[in-house]
Amino acid sequence: MDHTLQNTHVKLLAFDLLSLTPTPDPATFSRSGKLLSRAEIVGTITSRDHKPSKFIKFTVDDGTGCVPCVLWLNHLTSLYLPRRDPSTVRLIAGVATDFAAKIKIGLVARVRGRIASYRGDVQITVSDVVIEKDPNMEVLHWLDCLRLARKRYDVVVNKS
Amino acid sequence: MASSAIKSGALVNLTELHPSSQFYEEGASLRVTGKLQDYAVEAAMAIIADGNAILKIDTQHLRDLSFRVGSIYQFIGELHIQADCEAILQARVGRNVDGLDLNLYRQSLQLLRQFQADRMNNTVT
């Protein structure tokens, strides 16, 4: 398996992301022999389910598929972040709350995060949300995905 | 996750939306783009056009979207075919896309479809 893209936010179209293959490591997925753990997608927000101080779940539709995304908002109460400096946790929580306020149905969002699996389906655990105002950005993302797939993601590196 | 049941709106040009098209199907989830030709406020019904092709859009479920004739809009929703064979898109999402380079959009859509078809074939084989 090729690890060269494992710590990169790979730009993927929804149909491609949703067809990634799980690996024994739940944080890692494979695509054409390459291991992936992070992704970047761009599309229209088509649903939103907000549980204040817990999470916001939303879907991003890029015309090739609908990607389920979850942005956690429980940093101040989570038992999984006890070793972090409290000021850092407050900062992370504040950023996540700001992202949550931006997520509205009908807007086009660029979403980055960790690829995860929930009940057998691929989803993104969100780390970044940018709302795209320029209507051409979604088209440019398609072209980025195509170019990167052909020139980078689909290229088999011969190590011999 | 409940929201995963939401269907993706297939990207389609209005010129491709005719009765013999694969997209012309009752309940099909589509994303369409066109210039607003007319808007009836009381019926919340919009008509968008792309060249000679037009489509009626039922916008009753949309909020916070203002309509301006001559502007370009993009809608995601479900296609409903009436008894008289007229198609209406029941929009669930809509936005103004003034400034969208329509030529780039159409050409890129062709490339996207080709890429998706190649990728799916490679995955299957």
Side-chain angles (χ1 to χ4, degrees), chain A residues 12-16 18-21 31-32 43-50 55-70 104-108 116-123 131-150 153-154, chain B residues 1-13 23 28-33 59 61-66 71-78 91-125:
Chain A
L12 290 178
L13 294 164
F15 85 92
D16 216 346
L18 297 172
S19 57
L20 294 179
T21 309
R31 179 191 182 279
S32 303
T44 306
I45 298 168
T46 54
S47 74
R48 180 182 189 274
D49 177 15
H50 188 191
F55 59 77
I56 181 165
K57 289 180 177 179
F58 58 102
T59 51
V60 172
D61 182 350
D62 72 359
T64 72
C66 265
V67 179
C69 301
V70 60
K104 292 177 182 160
I105 291 175
L107 298 182
V108 169
S117 179
Y118 181 71
R119 293 183 178 168
D121 291 328
V122 171
Q123 70 171 22
I131 300 301
E132 296 288 2
K133 300 258 173 78
D134 183 338
N136 293 295
M137 291 312 287
E138 198 174 8
V139 178
L140 295 176
H141 177 75
W142 299 347
L143 298 175
D144 267 347
C145 290
L146 269 58
R147 180 177 54 83
L148 285 164
R150 291 195 171 123
Y153 305 157
D154 291 343
Chain B
M1 177 168 167
S3 53
S4 63
I6 291 177
K7 287 168 68 182
S8 172
L11 300 156
V12 58
N13 294 316
F23 301 109
S29 295
L30 303 175
R31 185 197 300 207
V32 295
T33 306
T59 67
H61 297 312
L62 303 185
R63 298 283 179 272
D64 304 325
L65 184 63
S66 58
S71 283
I72 302 171
Y73 290 85
Q74 195 163 68
F75 298 98
I76 300 174
E78 279 62 47
R92 50 185 158 85
V93 173
R95 67 180 182 123
N96 180 306
V97 290
D98 280 340
L100 178 67
D101 183 332
L102 285 170
N103 284 329
L104 176 69
Y105 178 83
R106 290 189 196 102
Q107 288 177 45
S108 302
L109 179 53
Q110 295 309 316
L111 292 171
L112 177 72
R113 285 176 177 166
Q114 187 59 54
F115 172 76
Q116 188 169 3
D118 291 348
R119 180 93 194 129
M120 308 263 278
N121 285 341
N122 287 343
T123 306
V124 170
T125 54

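Just so we're on the same page: letters track the sequence lines, and every chain starts at 1.
In this structure, chain B has no heavy atom under 4.5 Å from any part of A/Asp134. No part of A/Leu107 comes within reach of chain B, as not one of its non-hydrogen atoms sits under 4.5 angstrom from that chain. Heavy atoms of B/Asn96 lying under 4.5 Å from chain A are absent altogether. Heavy-atom distances place no part of B/Leu62 under 4.5 Å from chain A, backbone and side chain included. For A/Val67, no part lies near chain B; criterion is any non-hydrogen pair under 4.5 Å. With a threshold of 4.5 angstrom between heavy atoms, B/Ile76 approaches chain A through side-chain atoms but not through N, CA, C or O.
With B/Asp98 contributing its side chain and B/Ser71 its backbone, the two residues share no donor-acceptor pair below 3.5 Å. Under the 3.5 Å distance criterion, the side-chain polar atoms of A/Asn136 are matched with a main-chain donor or acceptor of B/Asp101. Between the side chain of A/Thr59 and the backbone N or O of A/Ser47 there is at least one donor-acceptor pair closer than 3.5 Å.
Listed options A/Ile105, A/Thr64, A/Leu140 were ranked by heavy-atom pairs under 4.5 angstrom with chain B; first place goes to A/Thr64. For the options A/Ile45, A/Asp61, A/Asp154, heavy-atom pairs under 4.5 Å to chain B are most numerous at A/Asp61.
Here the closest heavy-atom approach between residue A/Ala149 and residue A/Arg31 is recorded as CB-NH2, 4.0 Å.
Counting heavy atoms from C-beta on, the side chains of A/Glu138 and B/Leu100 never come closer than 4.5 Å.
Ring-plane geometry between B/Tyr105 and A/Trp142 is classed as tilted, the angle between the planes lying from 30 to 60 degrees on a 0 to 90 degree scale.
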